[in-house]
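One is the number of the first residue; the rest follow in order along the sequence. All ligand and atom numbering here is 1-based and tracks the order in the structure.
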Amino acid sequence: MKHEISEKLFTEAQKHLVGGVNSPVRAFKGVGGHPLFIVRAKGSKVYDADGNEYVDYVGSWGPAILGHAHPKVITAIHYTMKDGTSFGAPTTAEIELAKKVKNAFPSMELVRFVNSGTEATMGAIRVARGFTGRDKIIKFDGCYHGHADSLLVKAGSGAQTLGQPDSAGVPADFAKHTLVADYNNINSVEKIFEAHKDQIACVIVEPIIGNMGCIPPKPDFLKNLIELAHKNGALVIFDEVMTGFRVALGGAQELYNLKPDLTCLGKIIGGGLPVGAYGGRQDIMEKVAPVGPVYQAGTLSGNPLAMAAGLATLVELEDRKAYATLEKLGAALEAGLKKVAAQHNIPLVVNRVGSMLSFFFSDKPVTDAASARNADSAFFKKVFHGLIHQGIYLAPSAFEAGFISITHTPDDIEATIFAFDQVLTQLKK
Ligand code: PLP
């Protein structure tokens, strides 16, 4: 498989764009080599500039749950854009999308749309601070909540891949308000609450981590977290930017029957266009401007094209049938990967919740950031490149989740398992 055109384009791109990309993980630094330039995508497949086809497990990092270029989403965008692309004034599509979000997430009594997941978490943290009158927040090692200052402390995703879990440029005076606990370890949270009595505004958590690879919560971890936070007068923010409409229509909170105070969404709700949202209890959200004193605004927030793409996507998911299909495909992929690894005597952990999945080359369970870091990421890099050459496109990092869409077929899954087997065979030689 040739990648000459992608390679040339990357050389050119680096002359004009920082690192040749507009988001760090895309640069392939986590796995080495150069990124693929994608020219087209349809259903479960992406096509690169050299004309190669791949079964895609990146799915635009989560939004593409219906597969790429879903006809109803494309039609909705076309239909909407002929009347204008942005007005900076209210539209009915915002009401419609908010109703659909609230329907799936009953904990979100009031919603604010923004343009990205980063904006959603930034807004949610600000309102939690405004509501409680407290400054400090708790996050978990390895959770990534976007690139706002107070959240780039011990962050996962690209920050992890590039070895910068604490970003330069974040003033120590900001970072000192972010306290870091260990995921799946309620004692670590308890200790922080004890040490900072009446100072903590909120705990923000990816209810299922996706940004250290996929790491599900242990039974009762999230329930205990909510109880502990509330006992201490703090709010709980579920960052469901990745899990919202992904692991169930109502995200992780539906799956585990939990009610956070605030929720952040992104990715799927924009159907591939830039959208984020935060929302939650009415009394908390009423602190946000123009009703309350917490300021947050956006020129393009609630953009009509983005609302239309999001609406078309959620309509397709609402009958929940997609989730049974996704579970079936995910289970088949998990079983296949485990079987192949066992045949090769290679220790492999597969963490999966529905259509969100990661594999770690490890002989121990991966339950938190430390155990994810302990997995053999050097071997992952080799497997990653082997799979690319077999036409399988994974996220270019050992610390990211993979996503399946409803357009993935049993044949795609079988081809992926076959390719995994081929790659492990080659690497053993
Ligand atoms: N929160 C989570 C859980 C995410 O996975 C991401 C992005 O991957 C974000 C927030 C930030 O979203 P965005 O990249 O749209 O700013």
Side-chain angles (χ1 to χ4, degrees), residues 21-27 30 57-65 105 112-126 128 137 139-162 165 167 178 183 202-217 222 236-247 251-253 255 260 262-279 296 298 300-301 303 306 309-310 313 351 353 355-358 369 372 395-397 399-403:
V21 292
N22 283 305
S23 193
V25 188
R26 294 181 200 168
Y57 290 100
V58 180
S60 183
W61 302 90
I65 193 165
F105 287 78
R112 167 62 55 87
F113 288 117
V114 291
N115 301 293
S116 66
T118 295
E119 279 188 58
T121 56
M122 203 168 70
I125 296 277
R126 188 175 300 149
I137 64 169
K139 79 176 282 291
F140 291 91
D141 185 9
C143 280
Y144 177 70
H145 303 290
H147 60 88
D149 280 343
S150 57
L151 293 166
L152 275 182
V153 178
K154 298 257 182 200
S157 190
Q160 191 61 234
T161 307
L162 304 182
S167 173
T178 303
Y183 186 76
C202 64
V203 184
I204 184 166
V205 63
E206 284 185 78
I208 299 162
I209 299 187
N211 286 294
M212 277 309 278
C214 177
I215 306 181
L222 295 170
V236 175
I237 304 173
F238 272 17
D239 178 355
E240 299 229 39
V241 166
M242 199 180 272
T243 52
F245 295 93
R246 164 63 62 184
V247 295
Q253 54 197 268
L255 207 59
L262 293 166
T263 297
C264 301
L265 296 172
K267 301 194 189 268
I268 289 174
I269 58 161
L273 267 66
V275 184
Y278 64 100
Q296 184 273 308
L300 290 172
S301 295
N303 173 268
T313 302
N351 282 351
V353 183
S355 58
M356 191 174 152
L357 172 146
S358 300
S397 161
F399 303 111
E400 299 288 350
F403 301 105

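Looking at Glu400, His145, Glu206, Lys267 and measuring to atom 10 (C) of ligand 1, the nearest heavy atom belongs to His145. With Asp239, Ile209, Leu265, Leu151 as candidates, the residue nearest to atom 1 (N) of ligand 1 on a non-hydrogen basis is Asp239.
The main-chain N or O of Gly251 is never found under 3.5 Å from a side-chain atom of Thr243 such that the two would form a donor-acceptor pair. Side chain of Ser116 to main chain of Val275: no donor-acceptor pair is present (N/O by atom type, distance under 3.5 Å, no hydrogens or angles).
For Trp61, the closest heavy-atom approach to ligand 1 does not fall below 4.0 Å. Judged by the shortest distance from any of its heavy atoms, His147 lies outside the 4.0 Å radius around the atoms of ligand 1.
In terms of polar-atom proximity, defined here as any N/O pair under 3.5 Å, Asn211 does make such a contact with ligand 1.
Atoms CZ and CD1, on Arg126 and Ile137 in that order, are 12.0 Å from each other to the nearest 0.5 Å. Atom SG of Cys214 sits about 6.5 Å away from atom CD1 of Ile208, to the nearest 0.5 Å. Rounded to the nearest 0.5 angstrom, Asn303 CG and Phe113 CZ are separated by 12.0 Å.
Side-chain rings of Phe245 and Phe105 approach one another, their centers coming within less than 6.0 Å.
Contact annotation: for Thr118 versus ligand 1, heavy atoms closer than 4.0 Å belong to both the backbone and the side chain.
Using a 4.0 Å cut-off to heavy atoms of Gly117, the atoms of ligand 1 that qualify are 11 (C), 12 (O), 13 (P), 15 (O), 16 (O). Near Ser116, with a cut-off below 4.0 Å to any heavy atom, the atoms of ligand 1 are 15 (O), 16 (O). Using a 4.0 Å cut-off to heavy atoms of Met242, the atoms of ligand 1 that qualify are 5 (O). Those atoms of ligand 1 with a heavy atom of Gly146 less than 4.0 angstrom away are 9 (C), 10 (C), 11 (C).
Side-chain contact annotation: Tyr183 with Glu206, donor-acceptor N/O pair under 3.5 Å absent.
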